[in-house]
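Below is one structure; the comments refer to it alone.
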Amino acid sequence: MAKVLIVDDEINIRDVIVEYIKEFGFNADTASNGEEAVAKAQQTSYDLIIMDLMMPVLDGFSATKAIKVFSNVPIIILSARFEEADKLYCFELGVDDYIVKPFSFKELVARMKSVLNRHSINVNRVETIGTLVIDYDGKTISIDQERIVVTPKEFELLVYLLQHKNQAISREMLLEKVWDYHFIGGVRTVDTHIKMLRKNLRQYRDLIVTVRGTGYKLEH
């Protein structure tokens, strides 16, 4: 049974979500603000966090950023804020999905299951390219035996490109497969993550090749 943390300052929203998702086998916990969410995420190993953005004490942006420092737990943003800039910033922080209020509970559960399915795939193997080591199960990469810190989305992006090596993948396809999301302007967050990933890959940055007019591919 997946353990989910629901973070929202409105008690009615928290309670309704908890009651609804319980019918689908989820074990739910709650927090009323970002500070409480960070504290609970430090104490408990959650499978998924659903995070509101506008909250007292500590907002959802800051809470997400703080949690990503010590945990790779997938996060779904559930917010009334619909501005594209907010969505892009959240994806750059490493969130897995963004749902705008008001929302359908059926859609929420479907997206929860999709995110959990993507994070539950354990390949149980290590891939090596020179001194670059990608640990699929541990979700880590290292170069010259040094652990390289990357965001969860950077890691997923690298894995997807590795799984489709030497294939040109469009930005739209990467957005759909890695972020499981569609929105106007979203391809820009792909470019941002590719830039950060290349920087973190150091001497292996050239593995990721830009395919003009299409997207990217990993050549190896």
Measure across P74 and V115 and return the closest heavy-atom pair with its distance rounded to 0.1 Å. CB-CG1, 3.5 Å
So, using side-chain hydrogen bond (donor to acceptor under 3.5 Å, both in side chains) as the criterion, who are the partners of [X] when residues are at least two apart?
{"X": "S32", "result": "E36"}
{"X": "S170", "result": "none"}
{"X": "D9", "result": "none"}
{"X": "E23", "result": "none"}

Qualifying residue for side chain to side chain contact (heavy atoms under 4.5 Å, CB included) with L161, from L174, V178, N166: L174
Would you tabulate the side-chain donor-acceptor contacts of residues 50-59 under 3.5 Å, counting partners in other chains and residues two or more places apart, or write 'none'?
{"residue": "D59", "atom": "OD1", "partner": "F61", "partner atom": "N", "Å": "3.1"}
{"residue": "D59", "atom": "OD1", "partner": "S62", "partner atom": "N", "Å": "2.7"}
{"residue": "D59", "atom": "OD1", "partner": "S62", "partner atom": "OG", "Å": "3.1"}

Take E84 and K87 through the test salt bridge (Lys or Arg N to Asp or Glu O under 4.0 Å) and record every step on the way to the result. CA-CA 5 Å; E84 180 183 306; K87 295 178 182 179; over 6 Å; no
[X] side chain to [Y] backbone, donor-acceptor under 3.5 Å:
{"X": "T44", "Y": "Y46", "result": "no"}
{"X": "R14", "Y": "D8", "result": "yes"}
{"X": "K22", "Y": "I17", "result": "no"}
{"X": "S71", "Y": "I67", "result": "no"}
{"X": "D96", "Y": "I75", "result": "yes"}

Angle class for the F24/Y20 ring planes (parallel below 30°, perpendicular above 60°, tilted otherwise)? tilted
Which of parallel (below 30°), tilted (30 to 60°) and perpendicular (above 60°) describes F91 and Y98? tilted
In terms of heavy-atom contacts, does CD of E83 have more than 12 from other residues, nucleotides or ligands at under 6.0 Å? yes
Rounded distance [0.5 Å steps], CG in L132 versus OG in S142: 7.0 Å
Could you note down all residue pairs passing side chain to side chain donor-acceptor pair (under 3.5 Å) where residues 196-213 supplies at least one of them, sequence neighbours left out? T131-Y204, D144-Q203, E146-R202, E154-N200, R198-T210
Could you tell me whether D97 and R111 have a side-chain N and a carboxylate O separated by less than 4.0 Å? yes
Any salt bridge between K3 and D47, counting N to O under 4.0 Å? no
Evaluate the criterion side chain to side chain contact (heavy atoms under 4.5 Å, CB included) for residue pair I208 and L197; output intermediate values, then yes/no. CA-CA 9 Å; I208 300 177; L197 180 58; 3.5 Å; yes
Would you indicate whether the side-chain heavy atoms of K165 and Q167 approach each other to under 4.5 Å? no
